[in-house]
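Let me begin by presenting the structure, written as structure tokens, before commenting on it.
Just so it is clear, the values below take in all heavy atoms, side chains as well, and ignore hydrogens, waters and symmetry mates.
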Amino acid sequence: MKRKELGVAVIGAGRIGTLRARLAARHPAVGFLAIADINADAARTLAERTDADFHSTDNNAAIEHPAVNAVIVSTPEHEHVAPVCRALELGKPVLMEKPLGLTLADADQILDTVKKTNGHLRIGYIRRFKRCFARAKQQVLDGHLGKIAGGTARVYNTRAQAFEILKRNPEATPVIDVLTYFVDLMLWFNAGNPPVEVVARSQTGVFKKAGYKVDDLTWAIVTLADGAIINLGISYALPSNYPILGQSDRVELLGEDGTMIIDDDHRDHQLYSEKGSGHAYVPGHKINFAFSGSNPSGDWALGDYWGPLGNETRSWLDHLVTGNPTAHATPAEARLVLETTVAIERAAASGERVRLPLET
Ligand SMILES: NC(=O)c1ccc[n+]([C@@H]2O[C@H](COP(=O)([O-])OP(=O)(O)OC[C@H]3O[C@@H](n4cnc5c(N)ncnc54)[C@H](O)[C@@H]3O)[C@@H](O)[C@H]2O)c1
């Protein structure tokens with residue numbers, strides 16, 4: 001690897017942009033770092049923290065900077081299109097946060113730009129970069145399961161984090177914003193076997209009472225082209241002090257020749273402290289009892305960042321300089337994931353079965 005050949009712009013200096021920028025700043029190939037955020041304080045604070053070379057409240061000033069040759073877009077879900085498309089138009093590779101957008105129209109604008117510019121875009125589905133899920137994908141590729149008949153994936157989290165996400169955008173529902181990771185995993189494991197039908201049911205409760213048009217619990221059955229059936233479920237409405245610090249999940253795949261069960265509930269590392277544990281995503285939130293490994297992004301420890309978001313960021317930067325293949329989601333994969341989550345929402349709202357592909 002040549003040293004210092006990358007100039008990286010990080011657009012959006014919030015929770016995830018901060019992690020991306022701190023990781024980029026310490027990557028051996030990065031010789032220039034630019035930060036942009038509409039909030040001047042956020043841009044300046046992160047620039048100071050990472051010793052960045054440039055910061056601005058103008059996204060384009062960072063993206064267009066001549067020293068920048070790679071762009072990470074970590075803006076909120078409804079603010080992805082403009083910075084992603086600008087970078088692609090300039091021929092700069094982009095890593096963007098999931099989902100592609102909150103609507104298929106936004107997603108298609110991005111996909112049209114990728115096509116028009118022959119652009120290099122990858123989408124950050126960090127679950128792929130957790131060791132157990134990468135290993136599972138390899139085991140599927142190696143044929144351990146044989147033909148997959150179906151599976152299940154469900155994820156839980158507390159309402160404390162859900163309210164933080166909804167404050168940012170009330171349209172970023174648990175299905176569109178979080179179940180998306182598990183739809184991506186299941187479609188990745190079943191690559192080449194696209195979803196054709198969705199049935200779903202949901203239940204309202206605490207979010208509705210708080211004024212959001214968001215369900216507490218959604219359960220879906222997704223049928224794939226070859227008839228495989230995938231059960232996907234989410235609740236981000238668990239009580240605020242339940243010990244999850246991000247995601248508690250379980251993923252199962254059932255094949256003709258094998259069965260895979262991935263217990264990712266994080267009960268393997270429990271911490272109880274009278275002093276309380278902080279929450280990386282919810283400022284000021286403290287719980288006495290925690291499933292310590294349940295922040296899906298990872299953890300800072302001993303001066304470095306360990307876990308999926310660290311692996312994913314480093315892997316993308318490595319990919320840019322080495323040209324080696326990468327497991328990051330492609331635009332077409334992310335489009336199919338968004339379409340499936342939109343179908344789940346429509347199926348839950350109507351009670352009707354929804355066929356895919358959707359008529360947009
Ligand atoms: N990969 C992961 O583990 C992971 C986890 C959580 C969230 N996300 C995704 O990351 C993205 C950001 O989430 P977050 O939790 O960091 O949000 P956040 O609210 O913490 O940060 C968003 C930042 O973007 C800034 N911003 C808003 N509009 C902007 C614009 N038009 N231009 C520039 N800056 C703008 C805000 O001022 C804020 O600083 C979302 O797409 C979310 O779904 C990914």
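Under the 30°/60° scheme for interplanar angles, the aromatic rings of Phe182 and Phe133 are found to stand perpendicular.
Closest non-hydrogen pair, Ala21 versus Leu33, comes out as O-CD2, 3.9 Å. Contact record, Pro308 with Lys130: CG-CB, 3.8 Å, taken as the closest heavy-atom pair. Minimum heavy-atom separation, Ala348 to Ser202: CB-OG, 3.7 Å.
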request  = Could you check Asp41 against Arg44 for salt bridge (charged side-chain N to carboxylate O under 4.0 Å, His left out), going step by step and ending with a plain yes or no?
outcome  = CA-CA 5 Å; Asp41 276 350; Arg44 191 185 52 251; 2.7 Å; yes
Test salt bridge (charged side-chain N to carboxylate O under 4.0 Å, His left out) applied to Glu333 and Arg128, step by step = CA-CA 13 Å; Glu333 288 174 325; Arg128 294 182 179 208; 3.3 Å; yes
task = With side-chain contact (heavy atoms from CB on, under 4.5 Å) as the test, would you mind laying out the steps for Arg335 and Leu104 before giving the verdict?
result = CA-CA 8 Å; Arg335 168 69 167 76; Leu104 291 171; 3.6 Å; yes
query = Could you go step by step and tell me if Glu77 and Arg168 meet the salt bridge (charged side-chain N to carboxylate O under 4.0 Å, His left out) rule?
reply = CA-CA 9 Å; Glu77 296 79 359; Arg168 182 168 71 231; 2.7 Å; yes
query = Going through the distances and angles, do Asp257 and Lys147 end up as a salt bridge (charged side-chain N to carboxylate O under 4.0 Å, His left out)?
reply = CA-CA 7 Å; Asp257 303 320; Lys147 183 179 181 309; over 6 Å; no
ask   = Could you go step by step and tell me if Tyr156 and Ile234 meet the side-chain contact (heavy atoms from CB on, under 4.5 Å) rule?
value = CA-CA 6 Å; Tyr156 298 144; Ile234 183 162; over 6 Å; no
Evaluation steps, side-chain contact (heavy atoms from CB on, under 4.5 Å), between Ser240 and His285 = CA-CA 9 Å; Ser240 287; His285 185 59; 4.1 Å; yes
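A side-chain N or O of Thr173 and one of Glu345 form a donor-acceptor pair less than 3.5 Å apart. Side-chain atoms of Asp318 and His27 form a donor-acceptor pair, as typed in the model, at a separation below 3.5 Å. For the residue pair Glu97 / Ser74, a side-chain donor-acceptor distance below 3.5 Å is found, with atom types taken as modelled. Side-chain atoms of Ser248 and Asp265 form a donor-acceptor pair, as typed in the model, at a separation below 3.5 Å.
Ion pairing of Lys208 with Asp216 is absent here, as no side-chain N (NZ or NE/NH1/NH2) approaches a carboxylate O to less than 4.0 Å. Taking a cutoff of 4.0 Å between a charged side-chain nitrogen and a carboxylate oxygen, Arg314 and Asp304 qualify as a salt bridge. The pair Asp264-Arg250 does not count as a salt bridge, with every side-chain nitrogen at least 4.0 angstrom from each carboxylate oxygen. Ion pairing of Arg346 with Glu339 is absent here, as no side-chain N (NZ or NE/NH1/NH2) approaches a carboxylate O to less than 4.0 Å. In this structure, Asp177 pairs ionically with Lys98, as a charged nitrogen and a carboxylate oxygen lie closer than 4.0 Å.
In this structure, Ile244 is a member of the same hydrophobic cluster as Tyr272, with clusters built from ILVMFWY side-chain heavy atoms closer than 4.5 Å. Linking Ile, Leu, Val, Met, Phe, Trp and Tyr residues whenever their side-chain heavy atoms come within less than 4.5 Å leaves Val196 and Val198 in two separate clusters. In this structure, Phe129 is not a member of the same hydrophobic cluster as Leu95, with clusters built from ILVMFWY side-chain heavy atoms closer than 4.5 Å.
In this structure, Asn169 and Pro76 have side chains that are not in contact, with every pair of non-hydrogen atoms separated by 4.5 Å or more. The closest side-chain heavy-atom distance from Asn190 to Ile230 is below 4.5 Å. The shortest side-chain heavy-atom distance between Leu245 and Ile287 falls under the 4.5 Å cut-off. Taking 4.5 Å as the limit, some side-chain heavy atom of Arg20 sits within range of a side-chain heavy atom of Leu309. Between Thr218 and Pro174, every side-chain heavy-atom pair lies at or beyond the 4.5 Å cut-off. Put simply, the side chain of Val81 reaches to within 4.5 Å of the side chain of Ile110, judged on heavy atoms. Inter-residue side-chain proximity for Phe32 and Phe54 is flagged as met; some heavy-atom pair is nearer than 4.5 Å.
Remark: of the listed residues Met260, Met186, Arg127, Met186 is the sole one forming a side-chain contact (heavy atoms from CB on, under 4.5 Å) with Val251. Put simply, the residue from Leu90, Val73, Val68 that forms a side-chain contact (heavy atoms from CB on, under 4.5 Å) with Ile63 is Leu90.
Residues His120 and His328 keep their aromatic ring centres 6.0 Å or farther apart. In this structure, Phe207 has its ring center closer than 6.0 angstrom to the ring center of Phe163.
For the pair Arg22 and Trp300, the cation-pi criterion (under 6.0 Å, within 45° of the ring axis) is fulfilled. Geometrically, Arg15 engages Tyr281 in a cation-pi contact defined by less than 6.0 Å to the ring centre and at most 45° from the axis.
Rounded to the nearest 0.5 angstrom, Ile165 CD1 and Asn157 CG are separated by 7.5 Å. From Thr113, atom OG1 reaches atom CZ of Arg86 across 11.0 Å, with rounding to the nearest 0.5 Å. From Leu179, atom CG reaches atom CH2 of Trp219 across 9.5 Å, with rounding to the nearest 0.5 Å.
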